[in-house]
Amino acid sequence: MPGFELFDHQERDEVLAVMEKGFTFRYNFDAMRHGIWKAREMEQMLRDKLQVKHAHLVSSGTTALHTALACSGIGAGDEVIVPPFTFVATVEAVLMAGAIPVFAEIDDTLCLSPEGIEAAITPRTKAVNVVHMCGGMARMDEIKAICDRHGLVLIEDACQATGATYKGRALGTIGDVGALSFDSVKTISCGEGGAVLTNNDDLYEKIHMFTDHGHDHIGTDRGAEGHPIMGTNYRISELHAAVGVAQLKKLDRILAIQRRHKAKLKAALSSFGEVTLRHLPDPAGDNAGFVSFMLPNEDRARAVAQALNSKIGGVFYWWDNNWHYLRNWSHIKQLEAPNPLPIHTMAHPDYAQVQLPQSDALISRTLSILISLKWTEADIQARIDAFDEVLR
Ligand SMILES: *Cc1c(COP(=O)(O)O)cnc(C)c1O
């Protein structure tokens with residue numbers, strides 16, 4: 001998954017262009033910047049590449065998610081359905097928006113299941129935040145149909161799935177609004193950064209204003225701009241966008257390498273009777289940043305993870321990991337925060353008591369291997385040999 005593995009003179013040249021001729025701020029300063037607008041350039045590239053009407057760069061995937069919620073009108077007391085298997089940022093964004101996360105079951109796609117979403121809907125549900133984990137995708141047709149039927153906003157956290165598609169459409173562009181992350185370890189990297197994607201003009205107007213203190217971005221005098229709404233500062237800098245411009249040009253190459261490497265590991269893994277590969281509703285659209293598979297039970301999964309990690313490294317056993325599954329999120333279970341949050345003042349689920357037996361049964365058996373862009377044929381063979389030794 002990590003685009004940083006392909007950093008070279010191209011990223012450096014883009015950053016240097018900003019330092020030597022441009023300016024670090026993404027708006028205004030027209031006279032100083034000699035026509036260099038890296039954030040605008042990357043946004044145009046994203047719109048073309050992902051075939052989406054609006055792409056707005058922000059400071060991170062987390063701030064993209066908060067922006068998606070806030071600008072969709074999701075706030076105090078609203079329930080947002082989220083998966084228990086995600087990076088904690090998905091849940092943080094809901095809490096920071098003042099809303100209430102409601103956990104629902106995932107299925108063998110490793111994403112929210114349509115059935116799980118349906119079972120979690122209450123009269124207070126306003127949105128579903130489906131997370132396309134590990135480069136793959138959720139069952140989007142069914143999930144979209146449920147959201148349409150119940151009048152729910154469909155948010156796609158595609159932070160781990162830049163460049164992935166479902167039936168030909170980019171993940172993050174299928175629901176009402178999507179979020180991408182370009183942090184240091186994602187498919188493409190700005191160092192830190194993210195994007196909010198939408199085809200909705202009204203939503204986009206709120207997005208660019210909310211992420212820049214409510215500035216309406218009309219005219220060339222920033223001090224004279226109007227402020228139709230309150231907002232905050234979730235801007236990306238030109239330096240980060242410059243790195244992203246170079247990385248986005250490499251996205252097709254990154255996806256091609258990942259898909260080639262993953263196909264070899266998948267072929268090897270599928271020969272072992274005890275291995276079940278993660279279900280991909282549209283295999284052709286997989287971003288292939290990870291290969292994920294299930295073993296028969298928790299003990300076997302933990303043992304295989306340990307044995308493989310000692311030989312090849314790069315194997316994630318999410319069940320024991322502190323950051324990607326609800327089981328180990330003690331801070332979220334207790335709603336530990338430095339300040340009182342809206343959720344502390346309202347009725348909310350007891351997060352220490354959430355029961356998700358189907359998700360537990362899946363994640364306790366699931367391993368994911370990060371696909372490196374730098375592997376040689378020998379590196380891939382070393383992994384296949386390790387599978388032969390550990391899985392039989
Ligand atoms: C990385 C990630 C985020 C947050 O992105 P940042 O840019 O690190 O803030 C959100 N959701 C998921 C699923 C992620 O993997």
Side-chain angles (χ1 to χ4, degrees), residues 1-4 39 42 46 55-70 80-97 99 101 103-104 106 109-112 127-138 140 143 154-164 170-172 174-175 177-197 211 232-237 239-241 243-244 247-248 258 278 286-290 292 316 318 321-326 328-329 332 359 363 366 368 370-371:
M1 170 160 94
F4 75 81
M42 187 174 174
L46 281 170
H56 189 72
L57 289 176
V58 289
S59 54
S60 72
T62 310
T63 58
L65 287 166
H66 182 197
T67 302
L69 288 157
V80 180
I81 294 174
V82 295
F85 179 48
T86 179
F87 180 58
V88 280
T90 314
V91 183
E92 291 166 351
V94 176
L95 294 171
M96 295 306 135
F103 290 95
I106 61 169
T109 64
L110 301 181
C111 303
L112 280 174
V128 173
N129 187 343
V130 58
V131 184
H132 300 295
M133 280 301 276
C134 305
M137 72 291 294
M140 287 305 285
I143 291 173
L154 177 54
I155 298 168
E156 292 178 81
D157 178 340
C159 287
Q160 296 191 4
T162 297
L171 298 189
I174 298 166
V177 54
L180 301 179
S181 167
F182 309 125
D183 80 20
S184 294
V185 295
K186 292 303 205 295
T187 307
I188 61 169
S189 173
C190 291
E192 296 282 3
V196 192
L197 311 174
T211 53
T232 183
N233 173 10
Y234 286 166
R235 290 187 306 263
I236 194 162
S237 82
L239 296 172
H240 293 91
V243 177
Q247 283 268 289
L248 193 49
Q258 287 181 170
R278 170 249 190 107
D286 183 16
N287 127 332
F290 290 88
S292 300
F316 294 85
W318 309 106
N321 171 302
N322 276 342
W323 293 94
H324 291 83
Y325 194 67
L326 171 64
N328 294 320
W329 294 343
I332 287 173
S359 304
I363 294 299
T366 298
S368 301
L370 185 76
I371 306 293

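Nothing here was measured: the structure is a model prediction, and the numbers come from that model. Order of appearance sets the numbers: ligands from 1, and atoms from 1 within every ligand.
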Sidechain-backbone polar pair: E192 side chain, S60 backbone, donor-acceptor under 3.5 Å:
no
Give a yes or no on whether the backbone of L171 and the side-chain of E156 come within a donor-acceptor separation of less than 3.5 Å.
no
Ignoring hydrogens and angles, state whether a donor on the side chain of S368 or W318 is under 3.5 Å from an acceptor on the partner side chain.
yes
Considering only heavy atoms of V131, which atoms of ligand 1 have at least one such atom less than 4.0 Å away?
13 (C)
Please compare A195, C134, C159 and report which has the shortest non-hydrogen distance to atom 10 (C) of ligand 1.
C159
Nearest protein heavy atom to atom 9 (O) of ligand 1, by residue and atom, and its distance?
T62 OG1, 2.5 Å
Numbered in order shown, the ligand 1 atoms found under 4.0 Å of a heavy atom of T90 are 11 (N)
For atom 11 (N) of ligand 1, grab the closest protein heavy atom and report residue, atom and distance to one decimal in Å.
D157 OD2, 2.8 Å
Between D157 and T90, does the side chain to side chain donor-acceptor pair (under 3.5 Å) criterion hold? Intermediate values first, please.
CA-CA 7 Å; D157 178 340; T90 314; 2.9 Å; yes
Provide the number and element of each atom of ligand 1 under 4.0 Å from a heavy atom of S60.
7 (O), 9 (O)
Any side-chain heavy-atom pair of I174 and H132 under 4.5 Å
no
Indicate yes or no: does an N/O atom of S181 lie under 3.5 Å from an N/O atom of ligand 1?
yes
Do me a favour and list the nearest non-hydrogen protein atom to atom 8 (O) of ligand 1 with residue, atom name and distance?
D183 OD2, 2.6 Å
Does any N or O atom in G61 lie less than 3.5 angstrom from one in ligand 1, N or O only?
yes
Hey, which atoms in ligand 1 end up nearer than 4.0 Å to a heavy atom of T86?
13 (C)
What residue among F85, F87, W329 forms ring pair (Phe, Tyr, Trp, His ring centres under 6.0 Å) with H324?
F87
Whether K186 lies under 4.0 Å from ligand 1, heavy atom:
yes
Using atom types as modelled and distance alone, determine if a side-chain donor or acceptor of S184 lies under 3.5 Å from a backbone N or O of G191.
yes
In terms of heavy-atom contacts, L112 and N129 come closest through CD1-O, 3.5 Å
